[in-house]
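Below: one structure in structure tokens.
Side-chain atoms are counted along with the backbone in the values below, which use heavy atoms only and exclude waters and symmetry mates. None of the values given here were measured: they were computed from a predicted structure. Throughout, a chain's letter reflects where its sequence line sits, starting with A, and its residues are numbered from 1.
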Amino acid sequence: MQPIVPIHYFLIVAAALFSIGLAVMITKRNAIAVLIGVELILNAVNLNLVAFSQYDPLRLEGQLFALFVMVVAAAESAVALAIILKVYRHYQTTDLDKISSMKK
Amino acid sequence: MDFSGFLNNLTPATGFFYFLSFLTILTGLMVVLSKNPIHSVLYLIATFFCLSGHYVLLNAQFLAAVNIIVYAGAIMVLFLFVIMFLNLKQEDEESKTNLTKIAAMVTGGTLFLIFVAVFRKTQFGAFNAYSFDSQVGMVESLGEVLYKDYLLPFELASILFLVAMIGAVMLGRREAGDRHF
């Protein structure tokens, strides 16, 4: 018996979101926009995990993994935004191309 | 399959799925295309709501609620706060070369095509739909597994949150000589 919506379709949506997240990370120069790309990628992975969770005998392991991904994403974005605040105070900009003093 | 046959076979669940997928990808694309970072964040919130709909379709009701509360409610408010804090409304898009945009389009498109090609070749095993239980994604069954089999990761997550909170407070603290906001 087939599921109502085949799992391929969810995987393709997740793949599209992942690619969009990568494109966001490449195009944007603002550090916050790059973080937005990271969040999109994390959500694409979450969708994959929940979709594959249907193959589990308990059907829960993938969902729990997605829950932990959310936990880590929350902690990560809090620390990253604090770092961006600090960087802005030091350089007066969040443009990642201009924060290049380590290159010299 | 022609279009009328497609429409005849459309059940409410599949129709909902196609609508949600269209909306998800559209709002995701708007995140890339919008120049203003605030608009980007707002479109991202819309994407998260669509993803919650996908979770409901995949029988993960609790995760759908958590996704809205944690992502759309907490993390995105944090993003909006920082953007307004730093006054980043104007972004100098003119200085960005077209080469970057083309490179991003090529990279993202290629990655997507590779994904689709791989999924077309892959055989997914049949899954047993007869053991279907609509209560599987609710708090009760999820909590039972979380507090029995995943107790150690759960406790480690609390330590991670503590460390992240202390780190964020340490980093965001006002130092002597900084201006007041």
List the atom pairs, donor and acceptor, that lie under 3.5 Å between side-chain atoms in residues 38-51 of chain A and the rest of the protein, sequence neighbours left out.
from    : atom 1 : to      : atom 2 : distance (Å)
A:Asn43 : ND2    : A:Glu39 : O      : 3.1

(message) Quick check on side-chain contact (heavy atoms from CB on, under 4.5 Å): which of A:Asp95, A:Thr94, A:Thr93 does A:Tyr91 satisfy it with?
(response) A:Thr93
(request) Using non-hydrogen atoms and a 4.5 Å limit, figure out which bit of A:Ile12 sits close to chain B: side chain, backbone, both or neither. (result) both
(message) Is A:Ile20 in contact with chain B via its backbone, its side chain, both, or neither, using a 4.5 Å heavy-atom distance?
(response) both
(request) Output the option from A:Ala80, A:Ala66, A:Ala74 having the highest count of non-hydrogen pairs under 4.5 Å with chain B. (result) A:Ala74
(request) Let me know if A:Phe52 has heavy atoms under 4.5 Å from chain B in its side chain, its backbone, both or neither. (result) side chain
(message) Less than 4.5 Å to any heavy atom of chain B: does that hold for the side chain of A:Ala14, its backbone, both, or neither?
(response) neither
(request) Step through the shown structure and confirm whether more than 12 heavy atoms of other residues, nucleotides or ligands are within 6.0 Å of CD on B:Glu140. (result) no
(message) Looking at chain B, which one of A:Val13, A:Leu22, A:Ile32 has the largest number of heavy-atom pairs inside 4.5 Å, strictly under?
(response) A:Ile32
(request) Tell me the residues of residues 40-47 of chain B whose non-hydrogen atoms fall below 4.5 Å from those of chain A, in number order. (result) B:Ser40, B:Val41, B:Leu44, B:Thr47
(request) Please determine, by modelled atom types, if A:Glu61 and A:Tyr55 share a side-chain donor-acceptor pair under 3.5 angstrom. (result) no
(request) Could you tell me which of A:Ile83, A:Val24, A:Leu64, A:Asp97 has the largest number of non-hydrogen atom pairs under 4.5 Å with chain B? (result) A:Leu64
